[in-house]
Amino acid sequence: MSRVPEWIDRLGAGLTGWGRELERRRAEAEARDADDDPLDTRDFGNSGSPGSSDGEGTQPAGYVPAPPSYAPAVTARPHPADAVPWGMRVAAEAGWRLLVLAGTLWVLMRVISAVQLVVLAFVAALLITALLQPTVARLCRHGVPRGLATALTAVLGFVVMGLIGWFVTWQVMENIDNLSSQIQDGIDELRRWLLNSPFHVTEDQINDIAQNLREAVSSNTDAITSAGLEGVTVIVEALTGILLAMFSTLFLLYDGERIWQWTLKLVPEAARPGVAGAGPRAWRTLTAYVRGTVIVALIDAIFIGLGIYFLDVPMAVPLAVFIFLFAFVPLVGAVVSGALAVVVALVTQGVFTAVMTLVVVLAVQQIEGHILQPFILGRAVRVHPLAVVLSVAAGGMVAGIGGAVVAVPLAAVTNTVVGYLRAHSRETSLRYAPQPRGVAAVGAAQESPPSDDTAGGHK
């Protein structure tokens with residue numbers, strides 16, 4: 001048999017195998033393209049090809065074929081929020097919250113400025129109540145009815161403060177004529193001392209200074225007159241504030257506990273336990289501050305008053321009362337009252353007496369700052385000196401002398417409240433923190449009530 005048919009048969013079999021291999025690879029490629037296609041071709045028609053509703057295999061409008069397998073991969077873009085750096089997102093979150101707090105504080109300050117007289121009167125009533133409330137509590141413990149104890153304490157306190165103000169006014173009016181002559185003699189003595197001093201001050205320079213002072217006074221006559229008219233308004237406002245403070249003090253002394261309970265109802269229920277615990281601690285801090293400040297101011301007034309009395313400085317007692325009152329303004333009050341005593345000593349008794357007065361004032365204030373305040377006020381109301389300076393400055397800018405007086409006790413109370421709320425929040429988070437299963441089981445077993453059998457056995 002010829003060998004040609006066998007060769008043809010092998011060639012035909014090879015071509016058949018190659019055809020089947022090509023068909024298999026084509027089928028695999030189509031299946032892979034179908035898996036990568038985001039569009040479901042089965043929705044475009046009932047025939048095998050997409051959109052072959054007319055039987056001709058046409059593509060529908062808007063159809064996008066799948067990219068070929070050799071096309072480069074394109075990564076999806078992240079969400080815009082995920083593209084912002086973490087630090088910037090934290091800064092933005094903190095920034096808008098700070099803006100909300102700043103806006104709230106600004107609105108609050110505007111409201112306080114609009115009712116400044118009422119706010120200062122109420123704060124003064126709080127300070128007076130903190131000073132007088134221990135006396136009311138002591139009388140109540142001795143069987144005195146609360147209304148009578150409140151009336152006795154308030155009347156006695158207001159009478160004492162009124163007598164102090166009357167005494168200072170009386171002393172100034174009694175000694176004003178003598179003081180004027182002493183001031184004139186002191187100015188003449190100061191002038192002679194400047195002429196003979198090593199500062200080489202000449203008569204013409206002194207005359208120029210005096211002439212400039214007279215011109216300044218004459219040119220500002222209208223301003224001085226308007227200031228006097230404004231002084232009348234200030235006196236009326238001061239009297240109104242005093243009456244408001246007196247009535248507020250009476251109600252706080254008599255019904256302070258119920259007022260505090262009503263205030264707690266305005267606090268959200270979730271924050272009420274923390275505020276209820278911080279309130280008594282804040283009141284103890286305020287009471288300790290007012291009582292300690294009164295004691296320190298009284299000691300300053302007594303010792304500085306004795307010093308200037310033995311130095312023959314006129315109006316020693318009114319100056320001592322001024323030193324006592326100015327001691328309630330931290331830092332600034334001591335400087336102003338001491339400078340006033342030194343100026344009076346300078347213009348009435350001369351340079352030597354003024355220097356000795358300055359020595360007495362500085363010595364008493366150093367003893368006050370390093371011994372009396374740490375010992376009497378204690379750690380409960382200790383505020384950092386920087387906080388004292390900033391508080392007094394801010395209070396003076398916002399509300400004048402009244403703001404400077406209440407700035408430091410407000411800072412002390414705020415420090416106490418913030419410290420307690422931080423500790424309360426930490427304790428609450430630890431109490432409700434998730435615990436391991438074994439620890440929780442042991443705690444539940446310890447806190448579980450006794451069973452009926454055990455209870456019956458104890459009966």
Side-chain angles (χ1 to χ4, degrees), residues 97-98 100-101 104-105 108-109 111-112 119 122-141 146 149-150 153 248-294 330 373-384 387-388 390-391 394-395 405-435 439-440 443-444 446-449:
R97 286 176 171 85
L98 288 176
V100 171
L101 290 177
T104 304
L105 183 62
L108 181 62
M109 296 306 298
V111 173
I112 292 176
V119 174
F122 183 74
V123 173
L126 283 177
L127 296 177
I128 299 173
T129 305
L131 180 62
L132 300 180
Q133 192 270 338
T135 304
V136 176
R138 191 175 296 110
L139 291 176
C140 292
R141 285 196 298 268
R146 188 168 187 84
T150 300
T153 305
S248 301
T249 302
L250 286 173
F251 285 109
L252 289 174
L253 286 174
Y254 179 73
D255 215 9
E257 185 176 355
R258 285 199 296 177
I259 293 174
W260 170 244
Q261 292 176 356
W262 177 83
T263 305
L264 284 177
K265 296 179 182 179
L266 303 178
V267 180
E269 188 175 356
R272 196 171 297 169
V275 176
R281 289 167 175 80
W283 182 251
R284 285 196 295 268
T285 299
L286 183 62
T287 304
Y289 174 84
V290 174
R291 188 183 306 171
T293 303
V294 169
Q373 284 190 354
F375 179 74
I376 296 175
L377 295 180
R379 295 181 178 272
V381 293
R382 182 172 296 177
V383 182
H384 196 276
V388 173
L390 296 178
S391 301
V405 171
V406 304
V408 176
L410 180 61
V413 169
T414 303
N415 185 30
T416 301
V417 170
V418 170
Y420 173 79
L421 292 179
R422 186 186 299 115
H424 176 75
S425 177
R426 188 184 305 112
E427 181 182 355
T428 304
S429 61
L430 290 176
R431 183 182 304 170
Y432 294 102
Q435 299 179 352
V439 177
Q446 291 177 353
E447 296 178 0
S448 61

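Predicted model only: the values in this text are computed from it and were never measured.
One distance of note links CG of L98 with CG of L105; it measures 11.5 Å at 0.5 Å rounding. Here the straight-line distance linking atom OG1 of T287 with atom CG of L126 works out to 10.0 Å at 0.5 Å rounding. The CZ atom of R426 sits 11.5 Å away from atom CG of L421, with the distance rounded to the nearest 0.5 Å. Atom OG1 in T416 sits 13.5 Å away from atom CH2 in W283 (nearest 0.5 Å). Here the CD1 atom belonging to I128 is positioned 4.5 Å from the OG1 atom belonging to T249, to the nearest 0.5 angstrom. Note that NZ of K265 is 13.5 Å distant from CH2 of W260, once rounded to the nearest 0.5 Å.
Residues forming a side chain to side chain contact (heavy atoms under 4.5 Å, CB included) with R146 (at least two apart in sequence, or on another chain): V136, C140, T150, Y254. For S425, there are no side chain to side chain contact (heavy atoms under 4.5 Å, CB included) partners at least two apart in sequence or on another chain. Legend: residues meeting salt bridge (charged side-chain N to carboxylate O under 4.0 Å, His left out) with R141, ordered by chain and number and at least two apart, are absent. Contacts of R97 classified as salt bridge (charged side-chain N to carboxylate O under 4.0 Å, His left out), with partners at least two apart in sequence or in another chain: E93.
Sorted by first and then second residue, the side-chain hydrogen bond (donor to acceptor under 3.5 Å, both in side chains) pairs with a member in residues 123-135 form an empty list; sequence neighbours excluded.
Contact record, T285 with A412: CG2-O, 3.9 Å, taken as the closest heavy-atom pair. Shown here for V413 and L286, the closest heavy-atom pair between the two residues is CG2-CB, 4.1 Å. What you find for S391 and A411 is that their closest heavy atoms are OG-CB, 3.7 Å. L252 approaches F122 most closely through the heavy-atom pair CD1-CE1, 4.2 Å. Shortest non-hydrogen contact noted between L139 and A149 is CB-CB, 3.7 Å.
Each of I112, V111, V406 was compared with V119 under the side chain to side chain contact (heavy atoms under 4.5 Å, CB included) criterion, and only I112 meets it.
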Checklist entry - Given the rule in the side-chain contact (heavy atoms from CB on, under 4.5 Å) test, do V418 and T414 qualify, once you have shown the distances and angles that lead to the verdict? => result CA-CA 6 Å; V418 170; T414 303; 4.1 Å; yes

Under 3.5 Å, side-chain donor or acceptor atoms of residues 269-282 against the rest of the protein: list the pairs with distances, not counting sequence neighbours.
{"from": "R272", "atom 1": "NE", "to": "L264", "atom 2": "O", "distance (Å)": "3.3"}
{"from": "R272", "atom 1": "NH2", "to": "V267", "atom 2": "O", "distance (Å)": "3.0"}
{"from": "R281", "atom 1": "NH1", "to": "G277", "atom 2": "O", "distance (Å)": "2.7"}

